[in-house]
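Below is one structure, written out as structure tokens; comments come after it.
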Amino acid sequence: MKIDNEFIKKNNERILSSFSSQQRMIQQRCFAKKEEPKEEVAIEGEIKLRGDEKKFLMCVFTHLYKLTMTEIYREIGLSACKGTRISKKLEKDLLIKIVNISKGKGVSKYPVLLDDAYKVLNVEQKKFEGKGCGHEHLIWQHILAGHFKEHKAVIELNRGDKCIDVAFEYESKLIAIEVAMTSAHEKENIQKDIGMAKAGLVIIGCKDGKVLDEVNAIIGELGEELKSKARTFILSRILGLRIEEVLNAKT
Amino acid sequence: MNYKFKNKTTDFIQRLKRSSLSQEVVNAIELDISSTDNSSRLAEEYEGDFLVPLTMLPQKSPFLLPDENIDGKIRFGVAENEIKAGLNPENCHVLIAGQTNCGKSMLLKLIFSEALQLKEENEKIICWLFVKAQDMRPLLKVSKDVLVVTFNEIKINPLEPVAGMKDVEWASIFADLWIQAFRLYEGSKGFLVECLNSLYLKHKDTGYCPSLFDLYYYVKSMHFTAISRNARYQESILNRLGGMIYGSLSDVFNCSRGHTSDLINNHAIFEILYLTSEQQVFMVNYFLSYLFYHKMINESNLRHFVGIDDANLIFDKSFEQRPDLGLPIIHHLLTTVRKNKINIFCATQTPHQLGASIHSNSFAKIMFSLSYGKDWEFMFQSAGIKDEEQRAYCFKLKPREMVIKFSSRYQEPFVAVVPEVKL
């Protein structure tokens with residue numbers, strides 16, 4: 001057996017065919033200075049959108065955090081099959097990210113625009129209030145605001161210099177809803193919502209059972225007045241309750 | 001003679017074996033002596049039968065003849081008394097020293113060809129070789145499953161953390177590897193760690209791992225006033241990163257997830273001859289660190305044999321003389337990799353330039369002919385050879401003849417020859 005370059009090349013190809021790798025995310029445009037136009041042009045040239053894809057992205061932009069994938073397909077008149085194909089391509093091109101939200105009975109998929117999508121669409125990135133909250137948090141704010149829309153719920157209502165995730169007035173009382181992905185800031189939220197924003201009731205919607213237990217433990221340590229004005233639920237459970245039921249529920 | 005034998009009989013047999021008498025004659029006398037009740041008397045009689053005293057016959061070497069304890073599963077030499085010398089997989093690291101063309105690479109090739117064929121019940125041996133020539137390619141005749149890494153087709157992302165490790169943890173390891181290979185200082189290290197952590201955070205939700213390109217662009221996009229310290233750190237990092245990603249390794253690093261995790265399960269010969277010296281240090285340390293942490297976190301039945309030919313660059317003692325950096329990475333790895341079933345075989349021409357780590361942690365020290373006195377002194381000290389006759393003999397070693405010193409099993413130094421093998 002002759003071990004020459006040709007043999008090694010073929011042998012390497014054989015071995016490497018079972019190896020896996022992932023291409024680099026072309027990200028230069030996020031960081032690079034303007035003096036590197038070559039990368040910029042090459043990258044923009046790569047992203048070519050078809051009519052339906054652009055329509056899909058514009059629809060996501062217009063109804064950001066509000067519509068699920070299925071609702072977007074319906075909105076722009078796409079079949080489920082075509083809609084799925086388009087969304088998968090856009091996800092692969094790093095233009096959208098799909099966030100799964102568990103609403104109790106099933107999982108809803110919400111598309112979220114990534115930085116590149118704003119550039120391709122040539123639109124300004126939407127600014128949402130909230131300190132460092134993620135997509136899931138923002139989606140839940142919109143879902144809860146939609147659930148209590150008959151009471152004119154407002155996202156990031158500012159009262160007494162405190163921003164409440166979702167808030168509305170009911171029987172001349174301010175009801176504050178805080179979305180808790182973790183229990184980290186919930187003690188502070190309850191104290192400020194009641195102390196600064198003068199909320200009559202604070203509802204903490206927790207991401208899961210673990211967060212719920214942690215928040216309940218935090219509330220247990222608060223004073224009687226604060227304790228009586230706080231209610232905790234798993235987020236998906238709030239969607240199955242009317243406001244009266246929420247008010248009468250025991251923590 | 002300094003040797004202490006149990007009695008006159010064993011003394012006589014030892015001298016007999018070292019003499020130039022044929023093996024058949026020696027075996028016959030030994031059998032005759034061992035089969036009689038009064039062996040010492042018979043030994044004396046035999047000694048009297050020789051026309052010249054036995055000690056005046058041409059002697060083989062002043063080293064003791066070893067017993068069967070020197071044998072192992074991976075055989076690589078034949079001692080003067082025809083007993084095979086070998087290593088067992090569980091034996092720790094091996095240091096091989098010798099001048100050019102004395103049989104170092106041949107020995108390395110022999111050990112690795114044996115290892116490639118070794119079938120163990122509980123573990124599988126994976127061989128990695130880092131070489132500065134193409135002379136290990138014949139190992140493909142032993143096994144076709146050896147990847148020859150010429151740094152053309154392979155993909156590597158040094159920023160990709162080991163499976164099961166947090167990004168921030170890998171960032172610290174990478175920073176250590178980087179500043180040691182490129183001889184940067186503490187300030188640049190801190191700056192690099194800061195940039196890396198921020199970069200990992202930016203990529204968190206994308207499903208991609210940042211590459212060296214991303215790191216370069218990220219560092220480049222930062223703005224500092226020209227006279228600030230950060231501007232100098234930035235310049236140092238960019239300078240080295242630019243050299244890496246726009247040099248011959250450009251295509252290699254152009255990926256988000258590389259082949260390193262797959263390489264762990266495959267035999268490979270890394271031909272690092274076309275890399276710059278800094279890149280060689282970086283790549284060897286990177287692969288060893290990745291392997292070490294991967295095996296530490298993920299349990300497997302693999303044992304890795306890692307051979308480093310011409311290892312001075314990696315084990316250079318100047319790395320141990322940087323008080324600002326503490327002990328080099330390779331030192332830490334050598335002392336701990338054994339637990340993770342990694343055996344390191346290090347071959348060098350100038351052992352006196354090696355750091356203390358390899359000398360202190362080798363199970364076997366193998367010395368071929370060396371031409372520089374300083375190297376011999378170093379090896380004598382390392383192997384504990386104090387006898388003047390033995391020392392004098394070392395200066396007359398023929399090609400492929402070696403002095404071996406094991407740290408357990410059989411602890412006396414002995415002479416052996418690398419058998420001629422055609423691969």
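Chain identifiers are assigned alphabetically (A, B, ...) following the order of the sequence lines, protein sequences preceding nucleic acid strands; residue numbering begins at 1 within each chain.
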Pull out the residues in residues 66-75 of chain A that come under 4.5 Å of chain B, heavy atom to heavy atom, sorted by number.
none
For residues 247-266 of chain B, the ring pair (Phe, Tyr, Trp, His ring centres under 6.0 Å) pairs (sequence neighbours left out) are A:Phe19-B:His259
If you compare all heavy atoms of A:Ile238 against all heavy atoms of A:Gly205, which two are closest, and at what distance to 0.1 Å?
CD1-CA, 3.8 Å
Would you please name every residue forming a salt bridge (charged side-chain N to carboxylate O under 4.0 Å, His left out) with B:Arg240, sequence neighbours left out?
none
Going by the side chain to side chain contact (heavy atoms under 4.5 Å, CB included) test, name the single residue among B:Thr150, B:Val284, B:Val131 that passes it with B:Ile272.
B:Val284
Which of A:Leu16, A:Asn12, A:Ile15 touches chain B most, by non-hydrogen pairs under 4.5 Å
A:Asn12
Scan A:Leu57, A:Leu114, A:Val112 and name whichever one has a side chain to side chain contact (heavy atoms under 4.5 Å, CB included) with A:Ile96.
A:Leu57
Would you find more than 12 non-hydrogen atoms of other residues, nucleotides or ligands less than 6.0 Å from A:Arg237 atom CZ?
no
Under 6.0 Å between ring centres, would you say that holds for B:Phe151 and B:Tyr274?
no
With sequence neighbours left out, the residues meeting salt bridge (charged side-chain N to carboxylate O under 4.0 Å, His left out) with A:Arg14 are B:Asp145
Under 4.5 Å, counting heavy-atom pairs only, tell me which of B:Gln134, B:Lys155, B:Arg137 racks up the most with chain A.
B:Arg137
With a 4.5 angstrom heavy-atom cut-off, which part of B:Val146 approaches chain A: side chain, backbone, both or neither?
backbone
Side chain, backbone, both or neither: which part of A:Asn11 has an atom under 4.5 Å from a heavy atom of chain B?
side chain
